[in-house]
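Source: prediction; values computed, not measured. Start at 1 and go down the list; that is how both ligands and their atoms are numbered.
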Amino acid sequence: MDFTKPTDTYKLSNGVEIPCIGFGTWQIADGKEASDAVLHALEAGYRHIDTAYAYGNERGVGDGIKRSGLPREDLFITSKLENPTRGYQETLDIFQDSLDMLGTDYLDLYLVHWPNPIHFRDSWKEKNAESWRAMEKLYKEGKIRAIGVSNFFEHHLEALDETAEVKPMVNQIHISPGETQSELVSYCRSRGMLIEAYSPLGTGKVLESPDLITLAHKYRVSVPQLCLRWSLQNGYLPLPKSKDKDRSKQNLDVFGFVISDEDILTISSLRGVSGEQTDPDTAPF
Ligand code: A2P
């Protein structure tokens with residue numbers, strides 16, 4: 001990677017450019033909390049905001065974006081299709097709801113949030129195909145600049161292939177120190193997909209790892225900065241989250257040091273320090 005700032009971009013398979021760090025908003029409450037967190041993130045320099053219908057905070061996220069006064073074209077905004085909703089018309093409708101709540105008339109990226117919702121456990125393949133057809137229509141109309149998936153394993157992607165005209169450009173999965181999902185990552189990359197890393201700080205668990213604390217001291221950075229740099233050096237796109245203005249800002253300051261190849265491997269091989277990917281085929285939602 002030769003990124004020097006958070007607005008440097010990865011290029012998706014359709015040519016769309018995506019800022020290399022995004023601000024994650026999972027577990028940020030709607031209303032003032034989400035609005036303030038997003039406003040502070042944008043003031044700190046983020047230009048890529050990741051939300052989801054299921055987070056229940058798109059209105060607050062949209063409010064923070066509006067308060068920033070930034071031109072829409074300077075921003076990269078992602079949202080996701082929630083689990084209880086599948087089907088062609090249903091997907092078109094809920095996508096519009098997301099647009100309305102976010103206060104925008106297009107999205108940069110729209111993802112299927114999970115491949116196998118509990119409501120559709122016997123029909124996920126067909127249901128995903130219907131929703132994907134709706135997303136392809138929105139993509140072709142220019143209402144979404146790129147489409148992709150989240151939490152999909154190889155067999156979910158292969159199922160989607162049976163009917164998809166437009167191949168997914170992104171898979172957003174849980175990637176953090178010790179949770180590298182290397183086979184899935186290789187498979188997605190062989191298909192030209194970008195890997196986005198959610199919970200890149202293991203939802204905060206990384207802060208307690210003695211191994212990571214020691215390594216962070218070595219590079220004179222914080223543990224979150226070490227983990228985000230590790231993510232970028234591996235070619236993932238990390239989506240760190242913080243409700244705190246200073247911590248949000250600190251998480252963008254990851255371009256002034258380089259982790260050695262040996263330490264990258266050490267961080268990758270840590271086990272149990274940051275949680276793991278939920279199995280989408282048995283998740284109770
Ligand atoms: P807070 O929101 O209070 O800053 P993840 O991105 O993996 O979901 O992790 C998010 C968690 O990590 C949140 O609990 C967040 O707490 C915490 N966090 C994020 N950035 C930092 C930081 N630079 N220093 C300490 N904690 C952080």
Residue-level breakdown please: for [X] versus ligand 1, do any non-hydrogen atoms fall below 4.0 Å on the side chain, on the backbone, on both, or on neither?
X    : result
K243 : both
N251 : side chain
L207 : side chain
S242 : both

Under 4.0 Å from any heavy atom of [X], which atoms of ligand 1 are there?
X    : answer
P240 : 6 (O)
Q250 : 23 (N)
S199 : 5 (P), 7 (O), 8 (O)
G202 : 7 (O)

- Would you mind checking if D108 and R72 are paired as a salt bridge, meaning a charged N to carboxylate O distance below 4.0 Å?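 Looking at D108 together with R72, the answer is yes, because their closest N to O distance falls below 4.0 Å.
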What protein heavy atom is closest to [atom], reported as residue, atom name and distance in Å?
atom                    : value
atom 27 (C) of ligand 1 : R247 CD, 3.7 Å
atom 12 (O) of ligand 1 : G204 CA, 3.5 Å
atom 14 (O) of ligand 1 : T203 O, 4.0 Å
atom 15 (C) of ligand 1 : K241 O, 3.7 Å

- Item | Contact check, G24 vs ligand 1, heavy-atom distance below 4.0 Å |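 G24 does not count as a contact of ligand 1 under the 4.0 Å cut-off.
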- S222 touching ligand 1 at heavy-atom level, < 4.0 angstrom: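 No, S222 has no heavy atoms under 4.0 Å from ligand 1.
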- Candidates L111, I147, T91 - the one meeting side-chain contact (heavy atoms from CB on, under 4.5 Å) with L81: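 Result for side-chain contact (heavy atoms from CB on, under 4.5 Å) with L81: T91.
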- Quick check: does P224 get an N/O under 3.5 Å from an N/O on ligand 1?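 No; every N/O pair is 3.5 Å or more apart.
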- Message: In this structure, would V170 and Y10 fall into the same cluster of hydrophobic residues linked by side-chain contacts under 4.5 Å?
- Response: yes
- What about H113 and Y55, are their ring centers closer than 6.0 Å? yes
Evaluate whether atom [atom1] of [X] has more than 12 neighbouring non-hydrogen atoms of other residues, nucleotides or ligands under 6.0 angstrom away.
X    : atom1 : value
E262 : CD    : no
R220 : CZ    : no
K249 : NZ    : no

- Query: Are the side chain of N57 and the backbone of T25 linked by a donor-acceptor contact shorter than 3.5 Å?
  - Reply: yes
- Distance-only, no hydrogens or angles: does the R47 side chain make a donor-acceptor pair with backbone N or O of L42 under 3.5 Å?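 It does hold such a pair.
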- Item | Chi angles and distances behind the ring-ring contact (aromatic ring centres under 6.0 Å, His included) call for Y187, F153 | CA-CA 9 Å; Y187 173 72; F153 289 172; over 10 Å; no
